[in-house]
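For reference, the structure is listed below as structure tokens.
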Amino acid sequence: GGYIWNLDGTRRVLYRLPEVLKAKVVLIVEGERDADVGQQLGLTSTCNPHGAGKWRPQYGDFLKAKRVAIIADNDTPGLTHARDVARSLIGLAESLRLVERMPQGKDLTEWVELGGGDLEGAREQLLEIIKSKPELTAADVAKWDAQKESAHKVPERPAKPDQPLTPEHGKDSLGAV
């Protein structure tokens, strides 16, 4: 015997899958700690294995016809991850809302802690935050994709070789091309 130190061939599922399957409304967060806090707030909460950037489209099968709210961690990887999750659930979930940034703290857990740990008060505030967000549509996702696309465009070089490089022609702050 011995240990196998990988997950090859292992089916990956959402955290707290039995509760997710029974629920009509599900909160998706970035990690198990936040999912546990969501449960403490009385909300069926889940996350995918291995954290941000590891969402798989097949996880959406567990969320078909459910009302889903996603809470992003307050950093770039967290927002990217939350948008990827939302993108995969458009057309599957009955409704979908995204909280791109909590009012304070780096994630759901810290937000609750900064509020003094009052779970009942935090639950009501969180539900209001979620309700204040519009339901996501395919058009919202298309906007994200367009923004991502324009951010990755390579600047064009000047038409004439002797023309100086300026910021709009690809020169960065150090003067390199």
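Sequence positions, counted from 1, serve as the residue numbers for this chain.
Leu79 is not connected to Val85 by any chain of hydrophobic side-chain contacts under 4.5 Å among Ile, Leu, Val, Met, Phe, Trp and Tyr, and they are in different clusters. Taken together through direct or relayed side-chain contacts under 4.5 Å among Ile, Leu, Val, Met, Phe, Trp and Tyr, Val37 and Leu114 form parts of separate hydrophobic clusters. Hydrophobic cluster membership is shared by Val99 and Val112, with clusters built from Ile, Leu, Val, Met, Phe, Trp and Tyr side chains linked at under 4.5 angstrom.
Using a 30° and 60° split on the angle between ring planes, Trp55 and Tyr59 fall in the perpendicular class, above 60°.
A 4.5 Å side-chain heavy-atom check between Leu126 and Leu108 finds at least one atom pair inside the cut-off. Counting heavy atoms from C-beta outward, Leu96 and Ile70 have side chains that approach closer than 4.5 Å. Contact annotation: the side chain of Met102 approaches that of Ile71 to within less than 4.5 Å [non-hydrogen atoms, C-beta and beyond]. Using a 4.5 Å heavy-atom threshold, the side chains of Leu127 and Leu43 count as touching. Contact check for Asp73 versus Lys106: no side-chain heavy atoms found under the 4.5 Å cut-off.
Counting all heavy atoms, side chain and backbone alike, Asp140 lies closest to Leu136 at OD2-CA, 3.3 Å. When all heavy atoms of Gly60 and Leu89 are compared, the closest pair comes out as CA-CD2, 3.6 Å. Closest non-hydrogen pair, Lys131 versus Arg97, comes out as O-NH1, 3.4 Å. Between Trp111 and Gln125, the closest heavy-atom pair is CZ2-OE1, 3.5 Å. Residues Gly78 and Ala72 approach most closely at O-CB, 3.7 Å, considering heavy atoms. Among all heavy-atom pairs drawn from Ser95 and Glu135, the shortest one is CB-OE1, 3.4 Å.
Within the 3.5 Å criterion, the main-chain N or O of Ile129 finds a donor-acceptor partner in the side chain of Ser132. Remark: side-chain polar atoms of Arg123 are paired, donor with acceptor, to backbone N or O of Leu41 under 3.5 angstrom.
The CD atom of Gln58 sits 9.0 Å away from the CZ atom of Arg11 when rounded to the nearest 0.5 Å. With rounding to the nearest 0.5 angstrom, the CG atom of Asp118 is 10.0 Å from the CD atom of Glu124. Between atom CG of residue Leu14 and atom SG of residue Cys47 there is a gap of 8.0 Å, rounded to the nearest 0.5 Å. For the atom pair CZ (Arg83) and OG (Ser88), the distance works out to 14.5 Å, reported to the nearest 0.5 Å. To the nearest 0.5 Å, the span separating CZ on Arg87 from CH2 on Trp144 amounts to 6.5 Å.
Remark: Arg33 engages Asp107 in a salt bridge (charged side-chain N to carboxylate O under 4.0 Å, His left out) (not counting sequence neighbours). Scored by the side-chain contact (heavy atoms from CB on, under 4.5 Å) test, Lys54 finds Asn48, His50 as partners (sequence neighbours excluded).
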Throw together a table of side-chain donor-acceptor distances under 3.5 angstrom for residues 18-31, partners on residues two or more places apart or in other chains.
| from | atom 1 | to | atom 2 | distance (Å) |
| --- | --- | --- | --- | --- |
| Glu19 | OE2 | Arg16 | NH1 | 3.4 |
| Lys24 | NZ | Ala65 | O | 2.6 |
| Lys24 | NZ | Glu94 | OE1 | 2.7 |

